[in-house]
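Okay, so here's the structure we're looking at.
The shown structure was predicted, so the numbers you read here are calculated from the model rather than taken from an experiment.
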Amino acid sequence: MHKSAMQHHSREAHRGDIKPYQCQQCLKSFSSNHQLLQHIRIHTGEKPYKCSYCDRRFKQLSHVQQHTRLHTGERPYKCHLPECNRAFIQLSNLQQHLRNHESQVERAKNRPYVCNTCGKCRHDSRSDACRNNDFAR
């Protein structure tokens, strides 16, 4: 399940769940003390996590870990499609990339004519997409 779908599920299915940890500044409630402590940093501005490569600081450990990949070049989230070599720092960027692949496949289904010279797709063979007009179905 995608993160956003899980968040939606949590909001809708568990509305009545007890959240005993409450922020004293804004009265927002949380189901764990850890979540409350992370939230309090919004009010205090505390950024306890520092990048070991530069001076940037972060409120959450996961954010500094993600940022560090900019320095190291690590891209752990790789596209699984054989014709694609893309890799990403963030899982959400890979997920968006995969959605782009899916939409390209859908667009190609609606464009049955492909130019034999340049590979461009069009709705009909009379399109001027390619100077050679060498389209095949």
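Here H39 contributes atom NE2 and C23 contributes atom SG; the two are 3.5 Å apart, rounded to the nearest 0.5 Å. Rounding to the nearest 0.5 Å gives a distance of 10.5 Å between NZ of K19 and OG of S32. Rounded to the nearest 0.5 Å, atoms CD (Q104) and CG (L81) are 9.5 Å apart. Distance check: N33 CG to Q38 CD gives 11.0 Å after rounding to the nearest 0.5 Å.
Taking the side chain to side chain donor-acceptor pair (under 3.5 Å) definition, one finds that H101 meets it with H97, sequence neighbours left out. Partners of S31 by side chain to side chain donor-acceptor pair (under 3.5 Å), not counting sequence neighbours, listed by chain and number: Q35. Checked against salt bridge (charged side-chain N to carboxylate O under 4.0 Å, His left out), R75 has no partners two or more places apart in sequence or in another chain. Applying the salt bridge (charged side-chain N to carboxylate O under 4.0 Å, His left out) test to R56 and every residue at least two apart in sequence or in another chain returns nothing. Listed by chain and residue number, nothing satisfies the side chain to side chain donor-acceptor pair (under 3.5 Å) test with N93 (two or more places apart in sequence, or in another chain).
Among residue pairs with one or both ends in residues 34-55, those qualifying as salt bridge (charged side-chain N to carboxylate O under 4.0 Å, His left out) are R41-E46, K50-D55; sequence neighbours excluded.
Heavy-atom neighbours of N85 CG from other residues, nucleotides or ligands within 6.0 Å: at or below the threshold of 12.
Not one N or O on the side chain of Q22 forms a donor-acceptor pair closer than 3.5 Å with the backbone of P20.
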Yes or no on side-chain hydrogen bond (donor to acceptor under 3.5 Å, both in side chains) for N100 and Q96, after CA distance, side-chain angles and deciding distance?
CA-CA 6 Å; N100 290 343; Q96 178 60 53; 3.1 Å; yes
Let's go through Y53 and L70 carefully: what are the C-alpha distance in whole Å and the side-chain angles of both, what is the deciding distance for side-chain contact (heavy atoms from CB on, under 4.5 Å) to 0.1 Å, and is it a yes or a no?
CA-CA 10 Å; Y53 293 90; L70 293 172; over 6 Å; no
Identify all side-chain donor-acceptor contacts of residues 62-69 below 3.5 Å with residues at least two apart in sequence or on another chain.
from: Q66; atom 1: NE2; to: Q90; atom 2: OE1; distance (Å): 3.2
from: H67; atom 1: NE2; to: H71; atom 2: NE2; distance (Å): 3.1
from: T68; atom 1: OG1; to: V64; atom 2: O; distance (Å): 2.7
from: R69; atom 1: NH1; to: I89; atom 2: O; distance (Å): 2.8

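One hydrophobic cluster, built from ILVMFWY side chains closer than 4.5 Å, holds both L61 and F58.
Counting side-chain heavy-atom gaps under 4.5 Å among Ile, Leu, Val, Met, Phe, Trp and Tyr, the cluster of L36 also holds Y21, F30, I40. With a 4.5 Å cut-off between side-chain heavy atoms of Ile, Leu, Val, Met, Phe, Trp and Tyr, the cluster of L94 takes in Y77, F88, L91, L98.
In terms of heavy atoms, P48 sits closest to R57 at O-NH2, 3.6 Å.
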